[in-house]
Q: 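Pasting a structure below so you can have a look.
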Amino acid sequence: QVQLVESGGGSVQAGGSLKLSCAASGNVFSNCGMGWYRQAPGKERELVSTISKDGTTSYADSVKGRFTISQDNAKNTLYLQMNSLITEDTAVYYCAQYFGSGCAMRSWGQGTQVTVSS
């Protein structure tokens with residue numbers, strides 16, 4: 001029903017910045033909000049940030065003050081601005097859209113690699 005296409009990943013040096021984008025298309029039912037997740041090799045997928053349809057945001061403690069989530073409803077696009085990157089931020093980043101009864105269902109993007117080197 002919903003397709004999510006991510007872009008903006010790449011390789012940067014520690015201290016640098018990167019901006020990820022996630023374009024949504026297709027039908028959206030009972031849209032509850034969107035979020036960014038990441039998964040490093042050998043580690044479980046973790047929630048990075050969320051944003052509700054009214055703009056309310058949340059962040060994992062590990063990225064507070066460095067990452068900013070935003071959305072452009074006119075373009076159906078989700079963004080993640082990442083500043084002051086550290087090597088621990090290296091991971092595959094996924095965007096997701098929450099929908100359905102109780103906001104329990106999720107649509108996932110394909111993931112985009114972010115690599116931070118020292």
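Numbers here simply count residues along the sequence, with the first being 1.
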Q: So, taking the atom named CE in Met82 and the one named OG1 in Thr68, what distance separates them when rounded to the nearest 0.5 Å?
A: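 Between Met82 CE and Thr68 OG1, I get 11.0 Å after rounding to 0.5 Å.
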Q: Using only atom types and a distance under 3.5 Å, with no angle test, would you say the side chain of Tyr59 pairs donor to acceptor with the backbone of Ile69?
A: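 Yes; at least one donor-acceptor contact below 3.5 Å.
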Q: Look at the aromatic rings of Tyr98 and Tyr37 and report parallel, tilted or perpendicular, splitting at 30° and 60°.
A: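 Ring orientation, 0 to 90° scale: perpendicular.
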Q: Atom CD in Gln97, atom OG in Ser107: separation rounded to 0.5 Å?
A: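 Between atom CD of Gln97 and atom OG of Ser107 there are 6.0 Å.
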Q: Please name the pair of heavy atoms, one in Cys32 and one in Gly100, separated by the smallest distance, quoted to 0.1 Å.
A: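 Shortest heavy-atom separation between Cys32 and Gly100 comes out as SG-O, 4.3 Å.
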Q: Identify, with sequence neighbours excluded, every residue that meets side-chain contact (heavy atoms from CB on, under 4.5 Å) alongside Glu6.
A: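 Glu6 satisfies side-chain contact (heavy atoms from CB on, under 4.5 Å) with Cys22, Trp36, Tyr94, Cys95, Gln110, Thr112 only.
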Q: Per the salt bridge (charged side-chain N to carboxylate O under 4.0 Å, His left out) rule, what does the pair list look like for residues 36-56, sequence neighbours excluded?
A: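 Non-adjacent pairs meeting salt bridge (charged side-chain N to carboxylate O under 4.0 Å, His left out): Arg38-Glu46, Arg38-Asp89.
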Q: Hey, does the side chain of Ser49 reach the backbone of Ser58 with a donor-acceptor pair shorter than 3.5 angstrom?
A: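 Yes: the side chain of Ser49 pairs with the backbone of Ser58.
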Q: If I compare all heavy atoms of Ser17 with all of Gln81, which pair ends up nearest, and what's the gap?
A: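 Residues Ser17 and Gln81, closest heavy atoms: CB-NE2, 4.0 Å.
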Q: Let me confirm one number: the OG-CD distance from Ser11 to Gln13, rounded to the nearest 0.5 Å.
A: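 It comes to 10.5 Å.
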Q: So does Ser52 get a backbone contact from the side chain of Gln71, meaning a donor-acceptor N/O pair under 3.5 Å?
A: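 At least one qualifying donor-acceptor pair exists.
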Q: State the OG-CG distance between Ser70 and Leu78, to the nearest 0.5 angstrom.
A: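 It comes to 7.0 Å.
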Q: Test side chain to side chain contact (heavy atoms under 4.5 Å, CB included) on Leu20 and Val114; report intermediate values, then the result.
A: CA-CA 9 Å; Leu20 306 182; Val114 172; 4.1 Å; yes
Q: Passes side chain to side chain contact (heavy atoms under 4.5 Å, CB included), Tyr79 versus Ser21? Steps please.
A: CA-CA 5 Å; Tyr79 302 98; Ser21 299; 3.4 Å; yes
Q: If you compare all heavy atoms of Thr87 against all heavy atoms of Ser117, which two are closest, and at what distance to 0.1 Å?
A: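 Nearest pair, atom of Thr87 first, then Ser117: CG2-C, 4.2 Å.
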Q: Is there a donor-acceptor pair closer than 3.5 Å between any side-chain N or O of Thr90 and the backbone N or O of Val116?
A: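 Such a contact is found between Thr90 side chain and Val116 backbone.
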Q: Is there a path of hydrophobic side-chain contacts, each under 4.5 Å between heavy atoms of I/L/V/M/F/W/Y residues, joining Ile86 to Leu18?
A: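 Hydrophobic grouping puts Leu18 apart from Ile86.
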Q: Can you tell me if Arg66 uses its side chain to pair, donor with acceptor, with the backbone of Ser84 under 3.5 Å?
A: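 Yes, the answer is positive, given that a donor and an acceptor are paired below the 3.5 Å cut-off.
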Q: Please find the pair of heavy atoms, one from Leu4 and one from Ala24, that lie closest to each other, and give the distance.
A: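 Looking at all heavy atoms of both residues, the shortest contact is CD2-CB, 3.5 Å.
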Q: To the nearest 0.5 Å, tell me how far Ile51 CD1 sits from Thr56 OG1.
A: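 Rounded to the nearest 0.5 Å, the CD1-OG1 separation comes to 8.0 Å.
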